[in-house]
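Structure first, commentary second.
All ligand and atom numbering here is 1-based and tracks the order in the structure.
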Amino acid sequence: MKLHEYQARQILAEHGIPVPAAQVVRSPEAAAEAFKSLQAPACVVKAQVHAGGRGKAGFVKRVQSALEAAAAAKFMLSNRMISRQTGPEGVPVSVLLVAPAVNIAKEFYLGITIDRARSAAALIASAEGGVEIEEVAKQSPQKVLREALHPLLGLQPFQARDLAYKLGFSGRWVGEAATLMLNLARVFQETDASLAEINPLVITKDGHLLAIDAKLDLDDNALFRHLDLAALADESQERPLDVRARKADLNYIALDGTIGCVVNGAGLAMATMDIVKLHGAEPANFLDVGGSVTAEGAIEAFRIILSDPRVKGILVNIFGGIAKCDLIAEALVQAGREVAFNIPVVVRLEGTNVEQARKILASARGEMPTLQTATDLTDAARKVVAAVA
Ligand code: GDP
Ligand code: MN
């Protein structure tokens, strides 16, 4: 689950990380008021969205008057933000942050995330932070420093100081930067985050170390022990189909192909996507309905897939172990009654209760003229690709 910058800033501040004062607003008038009450010569107006790249997209704007603040707010609130981190459809903006502008002397990148190669969380830092960090990581990876966190002991003070020196801090900055890193590690650990990032961490011209951006992604599987954080979720930032899928306990990821896939098991779902590609088409989604799927969940899966206008055909691939083939067949028939499939559906079923499932599908033939059955996965992939060609 992603948090907004203003929510993440508050958590950083509660953990002793210096963040400039800021106000959260939802209208141009409130942005103008915030500008006045912050009493700074200049402010930044920042769109609060679950995506980065705002600076380059024009959704972080420096303003020098209440009037300019209102104008920037008006623009941001009436446009979706499209950046390299969003799809072409962008994300809606309904909340803004107004913060006193700081005069930046130097920008750093600081982040903690899971380093899969080391099977550990890692602190990642660069003295070339800011909006070009992706380029720095690509062009000069040696400028991105990494330090693995011990799984039990976490980030150690000596590691933080070592990194601070390597980032070029000297004098009193070393201690301040090291403390900040240790505090960020506490945020990461205490919130069960999958990403805790400050980009940029800045040294201001008047000599302060400040976090002027904050990003916090939380591990969904740990949210049950952070109900206060779970309450900060903002569904407006997610694709509507993703929200529906999550509510139905489906592991669903929309892709941009034409073949909708209904599969049980993540491995089988991956194999299904591979075989669709192998036969010359592209999957419209990854979907693992899971082992304990209910009839209602399975019907919702079909509804979700059918509501994607790109879907030209559906491949149902069920290997019934814990999930029962007859339940999926029933769901398919019921979804068909509800939405009337007007696109080809190819079904491959094997395993628990497959005979009952075949009977259910056979007796539904009349009402589902676009339904085909397949003998195995290759046959199924061939049939569905041929049907949409
Ligand atoms: P992001 O592009 O979504 O990561 O948004 P950021 O909050 O990181 O803002 C983008 C960039 O705007 C930062 O990297 C800074 O260079 C710049 N920026 C943000 N706030 C300030 C500020 O208060 N003063 C100045 N001079 N630049 C700022
Ligand atoms: Mn940033």
Legend entry - From Glu107, Lys46, Glu132 - option closest to atom 15 (C) of ligand 1 by heavy atom: Glu107
Contact atoms of ligand 1, heavy-atom distance to [X] under 4.0 Å:
| X | answer |
| --- | --- |
| Val131 | 2 (O), 10 (C), 11 (C), 14 (O) |
| Gly52 | 3 (O) |
| Pro200 | 8 (O), 13 (C), 14 (O) |
| Asn199 | 8 (O) |
| Ala101 | 23 (O) |

Should we say atom [atom1] of [X] is surrounded by more than 12 heavy atoms from elsewhere, each under 6.0 Å from it?
| X | atom1 | result |
| --- | --- | --- |
| Asp220 | CG | yes |
| Lys61 | NZ | no |
| Lys143 | NZ | no |

Okay, side chain of [X], backbone of [Y]: is any donor-acceptor separation there less than 3.5 Å?
| X | Y | result |
| --- | --- | --- |
| Asn285 | Cys261 | yes |
| Glu14 | Val187 | no |
| Ser83 | Gly52 | yes |

Minimum-distance protein heavy atom relative to [atom]:
| atom | result |
| --- | --- |
| atom 25 (C) of ligand 1 | Val102 O, 3.4 Å |
| atom 12 (O) of ligand 1 | Val60 CG1, 3.9 Å |
| atom 1 (P) of ligand 1 | Arg54 N, 3.7 Å |
| atom 27 (N) of ligand 1 | Ile104 CD1, 3.4 Å |
| atom 4 (O) of ligand 1 | Asp213 OD2, 3.1 Å |
| atom 2 (O) of ligand 1 | Gly55 N, 2.8 Å |
| atom 19 (C) of ligand 1 | Ile212 CD1, 3.8 Å |

Legend entry - Angle subtended at the Mn ion (ligand 2) by O of Asn199 and OD2 of Asp213, nearest 10°: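 Here the angle at the metal atom is close to 90°, to 10°.
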Legend entry - side chain to side chain donor-acceptor pair (under 3.5 Å) partners for Glu5, two or more places apart: Arg9, Lys46, Gln48, Arg54
Legend entry - side-chain hydrogen bond (donor to acceptor under 3.5 Å, both in side chains) partner of Glu238, the single match among Arg244, Arg246, Lys2: Arg246
Legend entry - Protein contact for atom 17 (C) of ligand 1 (heavy atom, distance under 4.0 Å):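 So atom 17 (C) of ligand 1 lacks protein heavy-atom neighbours under 4.0 Å.
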Legend entry - Straight-line distance of Lys36 NZ to Cys43 SG, nearest 0.5 Å: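 It is 12.5 Å, given to the nearest 0.5 Å.
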Legend entry - Test item: Asn103 and Asp206 side chains (from C-beta on) under 4.5 Å apart, heavy atoms: no
Inset, instruction - Have a look at ligand 1 and work out which part of Lys56, if any, has a heavy atom under 4.0 Å from it: side chain, backbone, both or neither. - result: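 Answer for Lys56: neither.
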